[in-house]
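Read the structure below first, then the notes.
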Amino acid sequence: MKINTKCSLAIHILISIAMFSDKVKVTSEIIAKSTGTNPVIIRNIFGSLKKAGIIEVRRGSAGAELAMNPSEITLFDIYDAVDPNSLENLIGIHKNPSPKCPVGCKIHDVLEEPYNAVREGIKYTMSQYTLADLLLKYDYKEI
């Protein structure tokens, strides 16, 4: 099972915006070069982050800027912005177990609680880290 990479791309975008938007126009083309990703993918992530209220994007090639303080943006906020159904899809239960099988008829009930705990654990852990925490790893002082 592979976890989607949209979150790491979004974090890369946000760190770049936080570090450089006061110096240069942070555009999808610049971020695409930095991430090694197509500008269309970056624009799609920009759109998701904008919809979540995390960034503001100016029309044309005017660039993007943070709409929130980095200390207010958690990793879970970013993760949820770019892939809102990801936790539900991270760990799932097969859809058609046999209702006649003694295991199959109860597998959904048996797995629902531990799988929900896993999802909540991920959400809790990701909520403990902020964009400001990540910026500190770059020795970024303007938080």
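Values in this document were obtained by computation on a predicted structure and should not be read as measured data.
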Going through the checks in order, is the side chain to side chain contact (heavy atoms under 4.5 Å, CB included) test met by K25 and R58? CA-CA 10 Å; K25 294 177 188 176; R58 288 166 262 152; 5.7 Å; no
Residues pairing under salt bridge (charged side-chain N to carboxylate O under 4.0 Å, His left out) where one sits in residues 69-87, two or more places apart or in two chains, turn out to be none
- Query: Could you walk me through whether H94 and I107 pass the side chain to side chain contact (heavy atoms under 4.5 Å, CB included) check?
  - Reply: CA-CA 9 Å; H94 52 293; I107 194 70; 4.1 Å; yes
Residues passing the side-chain hydrogen bond (donor to acceptor under 3.5 Å, both in side chains) test with T125, sequence neighbours excluded, are none
So the side-chain hydrogen bond (donor to acceptor under 3.5 Å, both in side chains) pairs with at least one residue in residues 98-121 (sequence neighbours excluded) are N116-R119
Given the options I54, I55, L131, V57, I17 meets side chain to side chain contact (heavy atoms under 4.5 Å, CB included) only with I55
*Residue pair L134 / L75, side-chain heavy-atom distance below 4.5 Å*: yes
Output for pair (F20 CZ, I15 CD1), nearest 0.5 Å, gives 10.0 Å
When rounded to the nearest 0.5 Å, the distance separating CD1 of I41 from CD1 of I31 is 14.0 Å
All heavy atoms of A67 vs all of G53, minimum pair found to be CB-O, 3.4 Å
Test side-chain hydrogen bond (donor to acceptor under 3.5 Å, both in side chains) on T74 and Y129 and set out the steps. CA-CA 6 Å; T74 69; Y129 296 92; over 6 Å; no
Here the side-chain hydrogen bond (donor to acceptor under 3.5 Å, both in side chains) pairs for residues 33-56, sequence neighbours left out, are H12-S34, S28-R43, E29-R43, T35-T37
dist L135:CG -> I73:CD1 (nearest 0.5 Å) comes out at 9.0 Å
For P99 and C105 the tightest heavy-atom approach is O-CB, 3.4 Å
Value for CD1 (I122) from CG (L90), rounded to nearest 0.5 Å, stands at 4.5 Å
For A10, the side chain to side chain contact (heavy atoms under 4.5 Å, CB included) test, sequence neighbours excluded, returns I45, L49, I78, V82
In this structure, CZ of F76 is separated from SG of C7 (nearest 0.5 Å) by 10.0 Å
Nearest heavy-atom approach of A52 to A81 is CB-CB, 3.6 Å
Is a side-chain N or O of S8 found less than 3.5 angstrom from the main chain of T5, in a donor-acceptor match?
yes
query: When hydrophobic residues are tied together by side-chain contacts of less than 4.5 Å, even through go-betweens, does I30 share a cluster with Y138?
result: no
- Message: Does any part of the side chain of Y79, heavy atoms only, come nearer than 4.5 Å to the side chain of I11, both counted from C-beta?
- Response: no
May I ask whether V24 and L66 are part of the same hydrophobic cluster, defined by side-chain heavy atoms of I, L, V, M, F, W, Y residues being less than 4.5 angstrom apart, directly or through others?
yes
Interatomic distance, CE@M68 vs OG1@T130, rounded to 0.5 Å, equals 10.5 Å
